Amino acid sequence: MADTEGTTFLAPGEPVDLDNCAREPIHVPGSIQPRGVFLAVTEPDLVVRHASENVPEILGHAVADVLGHPLERVLGADAAGAIEHHVRTWGNLRARNPVLVTVGGVELDVVLHRILSGESTLLIVELEPASGPRPFSFPNTYQAVRGAVEQLNHAHDLAQLYEITAREVRALTGFDRVMIYRFDDEYNGEVVAEARRPDLNPFLGLHYPASDIPPQARALYEQSWVRLISDVGYTPARIVPGLDEETGLPLDLTHSILRSVSPIHIEYLGNMGVAASMSISLLRDGRLWGLIACHHYSGPHDPPYGVRAAAEFLGSSLSLRLVARVEEDELEARVRAAQTLTVLLSAGRDHDRALASTLVGRTSVLDLVPAQGAVVCADGVVDHVGRVPADPTALLAWVAEQDAEVVVRDALPEQEPALAAHVPEVAGLLALRLPDGQSVVWLRHEAVHNVDWGGDPHNKAIATREGDDVRLSPRKSFAAWRETVRGRSEPWTEREVRSAEELRARLLEVLLERSRLQVRAAETVQRSLLPATVPDPEGWSVHARYEPAAGGRVGGDWYDALELPDGRLAVVVGDVAGHGLSAAAAMGQLRNALRAYLLRGDSPAQTLASLDHVVRWTMPFEMATVVVALVDLAAGEVELSVAGHPRPLLLSPGGSAELLELPVDRPLGAGTGEPPTTTLTLPPGGGLVLYSDGLVDSRQTSLRAGLRRLRAQFDGSDGRPVDIDEVLRECRDPASVDDVTLLLLCRDADQ
């Protein structure tokens with residue numbers, strides 16, 4: 001048999017211990033607590049199909065005289081008639097319990113609900129003696145707790161809510177100890193409020209491991225809100241017959257008020273010295289967040305159904321008040337977060353400041369999500385606020401490699417040991433991964449704290465010998481045990497993660513806006529630095545084109561063509577690594593410096609050596625490639641030097657195109673200091689093609705294929721003019737993410 005989540009339960013009769021108790025089918029125990037009688041009755045004829053074996057003690061009939069007989073014969077005409085009328089009148093039976101009947105001169109509370117049995121249903125009839133004073137009934141339940149509810153409504157915080165509930169439930173039910181027990185995200189429990197008999201040791205503040213209440217028990221608490229064990233030492237009364245004739249399975253007692261409980265739990269309570277117990281579920285959005293746990297030590301304790309109903313009502317009121325309080329806190333937090341977001345994003349739209357710096361300013365990301373420090377990497381700038389690692393490089397690289405857009409860690413040494421080695425002071429992080437390696441990272445340091453457990457949670461079992469077998473049993477020691485937790489940060493709450501996610505969504509808009517502005521600025525810089533016109537020397541033609549990358553992303557490509565004072569013509573194509581305004585600005589510096597060296601009369605090799613020196617000393621984080629050619633227009637002699645750039649294409653008068661075989665120095669910023677020089681002569685009808693790598697190399701086109709495509713545009717031209725725009729259209733990959741530059745220098749054939 002399996003539950004709704006597919007967990008396989010233990011087979012009937014299989015021994016239960018702490019190794020397998022999470023698989024114990026506690027909703028089908030096959031027995032009840034004998035404080036009342038259990039009957040399962042067919043509908044609509046109301047014939048008893050199942051009965052608990054303690055029927056003789058309470059109803060005075062032998063089990064054999066009950067099974068197969070009408071309910072009227074078992075309970076009498078008046079009692080059976082009252083139940084039948086109730087069943088026909090009300091649809092939701094559980095909401096209308098109990099029914100008061102008299103059987104054999106004894107008043108009984110009858111609690112009704114239905115369960116499925118094959119294609120039909122069975123009416124479950126549970127009868128408890130209504131002994132003792134009975135000031136409570138369903139209609140006046142609210143009156144019993146109205147004062148407590150009014151106190152809850154005037155409570156100022158959660159601690160006060162818990163304290164009021166514990167005190168009022170104890171006054172209502174008479175238990176020796178009443179605790180408010182709250183679960184964390186892993187279902188470890190903490191006693192957050194307590195009302196107790198003065199001579200009892202306090203449990204307030206103690207924690208209990210999640211294994212004390214296994215998952216299937218928590219599931220039952222979410223469906224059946226009150227569970228009473230009036231006598232921990234009870235002997236279970238079996239249900240006869242044990243299997244339903246329609247299904248062949250034990251009856252589902254999920255909603256039974258008499259359901260027998262796990263022997264492991266009974267042993268657990270006995271080890272605590274508890275003689276009677278009651279629990280009331282506390283729910284939030286249908287999910288168990290805590291319990292009202294009631295313990296009695298002086299002997300059995302059996303509060304009547306009306307008292308239990310009133311206590312359940314009080315628990316429901318606490319749950320509703322808790323939800324209201326949480327929603328109030330959430331609303332206040334959302335308002336504060338929205339205000340902080342507005343300030344941050346308003347500052348982020350100040351394009352005169354680096355985005356990273358605006359996010360760590362007077363109002364910073366730490367005001368949105370509390371932490372010891374934060375690092376922001378945006379638009380090529382890294383800035384921080386608070387206590388952060390001296391070198392965040394490894395941290396930012398790790399964030400950039402993550403698949404998730406929002407990354408949460410609260411035990412970094414355990415979860416990411418390799419990263420933790422680089423940031424030993426950090427125990428938790430909340431990171432937003434943004435495009436192009438940008439990120440926002442909150443950092444929390446280790447939060448060393450002590451947890452006081454009700455017994456050692458790591459040694460929660462003892463060995464008990466049963467004949468020749470040894471089984472695991474619940475621990476006997478519940479003495480307070482302190483655990484020091486290290487290597488963890490304060491956990492990131494759902495609210496904090498949501499605030500971070502909202503910031504990420506809004507930052508994407510800011511980044512897009514800034515990117516568009518930077519593209520426009522970079523394009524303006526780029527266009528202003530390119531020659532407005534190119535020289536038109538007699539007997540020669542010069543054509544040049546520049547196109548930004550797809551999406552208008554301006555890069556560091558440039559071309560230049562200028563006549564020098566000595567009559568020679570200089571042609572240049574260069575490429576600064578990167579995109580955007582910084583690449584365009586670097587390109588502008590190199591272009592102007594190169595012009596200055598050429599106008600001074602330097603050779604191409606001398607020019608590149610000087611440029612390499614400039615880059616090394618003034619632009620240490622930049623890298624660029626350049627090809628420079630000086631042309632004697634009268635003789636056609638060309639002096640060439642190349643630094644890391646693609647080799648030019650040499651056009652012959654006969655219409656063939658070949659890559660020049662020439663030595664190439666390393667890129668600027670990493671050059672040898674002595675760039676090689678190549679000389680050649682361009683005959684009439686010949687030419688040179690200078691270009692950037694974006695024309696011949698892309699993600700979808702290999703360099704070899706790109707060069708073949710470029711050569712094909714000039715092969716066979718036989719001196720005929722070549723349309724440079726057509727060359728660009730035919731050679732450029734539309735999916736390329738790089739900008740493109742092409743310069744064509746040709747000597748007239750009739751010169």
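Treat the numbers as computed from the prediction; the structure is a model and nothing was measured.
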Exercise. How long is the gap from CG on L359 to CG on D383, to the nearest 0.5 Å?
Worked result: 9.5 Å

Seminar exercise, completed: dist S364:OG -> H384:NE2 (nearest 0.5 Å) comes out at 11.5 Å

Problem set entry | Main-chain N/O of G373 paired with R387 side-chain donor or acceptor, under 3.5 Å | no

Problem set entry | Closest non-hydrogen atom pair between L368 and S499, with its separation | CD2-O, 3.8 Å

Exercise. Parallel, tilted or perpendicular: which fits the ring planes of H265 and Y268, with parallel below 30° and perpendicular above 60°?
Worked result: parallel

Seminar exercise, completed: Smallest heavy-atom separation, L430 atom then V369 atom, equals CD2-CG1, 4.0 Å

For this session: Work out which heavy atom in R616 is nearest to a heavy atom in A670; give both atom names and the distance.
Result: NH2-C, 3.4 Å

Exercise. Counting distance only, does the side-chain N/O of S281 pair as donor-acceptor with the main-chain N or O of E222 below 3.5 Å?
Worked result: no

Exercise. Salt bridge or not for R498 and E502, using N-O below 4.0 Å?
Worked result: no

Exercise. Is the backbone of A411 close enough, under 3.5 Å, to the side chain of Q415 for a donor and an acceptor to pair up by distance?
Worked result: yes

Exercise. In chain order, what residues pass the salt bridge (Lys or Arg N to Asp or Glu O under 4.0 Å) check against R182, with sequence neighbours excluded?
Worked result: E190

Exercise. Is atom CH2 of W492 surrounded by more than 12 heavy atoms (other residues, nucleotides or ligands) closer than 6.0 Å?
Worked result: yes

Exercise. Quick one: does E163's side chain have a donor or acceptor within less than 3.5 Å of a partner on A193's backbone?
Worked result: no

Exercise. Taking atom NE2 of H295 and atom CE of M272, what is their separation to the nearest 0.5 Å?
Worked result: 5.0 Å

Problem set entry | Polar side-chain atom of Q438 near backbone of P435 as donor-acceptor pair, under 3.5 Å | yes

Exercise. Is the side chain of R444 donor-acceptor paired with the backbone N or O of E490 at a distance under 3.5 Å, no angle test?
Worked result: yes

For this session: With the side chain counted from C-beta on, respond yes when V376 and T358 share a heavy-atom pair under 4.5 Å apart, and no when they do not.
Result: no

Exercise. If you look at every heavy atom in S277 and L269, which pair is closest and at what distance?
Worked result: CB-CD1, 3.9 Å

Exercise. Should the heavy atoms of other residues, nucleotides or ligands under 6.0 Å from CD of Q160 be counted, would the total exceed 12?
Worked result: yes

Seminar exercise, completed: Here the pair of heavy atoms bringing V426 nearest to H445 is CA-CD2, 4.4 Å

Problem set entry | Exercise: do T254 and R259 side chains pair donor with acceptor under 3.5 Å | no

For this session: Taking the side chain as every heavy atom from C-beta outward, state whether S316 and W225 have any pair of such atoms under 4.5 Å apart.
Result: yes

For this session: Nearest 0.5 Å please: distance from the CZ atom of R218 over to the OH atom of Y187.
Result: 5.5 Å

Problem set entry | Derivation and outcome, side chain to side chain contact (heavy atoms under 4.5 Å, CB included), residues L355 and V381 | CA-CA 8 Å; L355 178 59; V381 175; over 6 Å; no

Exercise. Distance only, no hydrogens: is a donor on one side chain within 3.5 Å (strictly under) of an acceptor on the other, for D367 and T340?
Worked result: no

Exercise. Do other residues, nucleotides or ligands put more than 12 heavy atoms under 6.0 Å from Q372 CD?
Worked result: yes

Exercise. Do you know the tightest heavy-atom contact between E496 and P491?
Worked result: OE1-O, 4.0 Å

For this session: Ignoring hydrogens and angles, tell me if any N or O in the side chain of R196 forms a donor-acceptor pair with the backbone of M179 under 3.5 Å.
Result: no

Problem set entry | Side chain proximity check, V423 to L429, heavy atoms < 4.5 angstrom | no

Problem set entry | Flag side-chain contact, heavy atom, 4.5 Å: H207 against N188 | no

Problem set entry | Test item: E622 side-chain N/O and G669 main-chain N/O as donor-acceptor pair under 3.5 Å | no

Exercise. Do any N or O atoms from the side chain of W442 and from the backbone of V365 form a donor-acceptor pair under 3.5 angstrom?
Worked result: yes

Problem set entry | Where at least one partner belongs to residues 420-434, residue pairs that pass side chain to side chain donor-acceptor pair (under 3.5 Å), sequence neighbours excluded | none

Exercise. What's the spacing between L288 CG and Q223 CD if we round to 0.5 Å?
Worked result: 11.5 Å

Seminar exercise, completed: Interatomic distance, CG@L282 vs OH@Y181, rounded to 0.5 Å, equals 12.5 Å

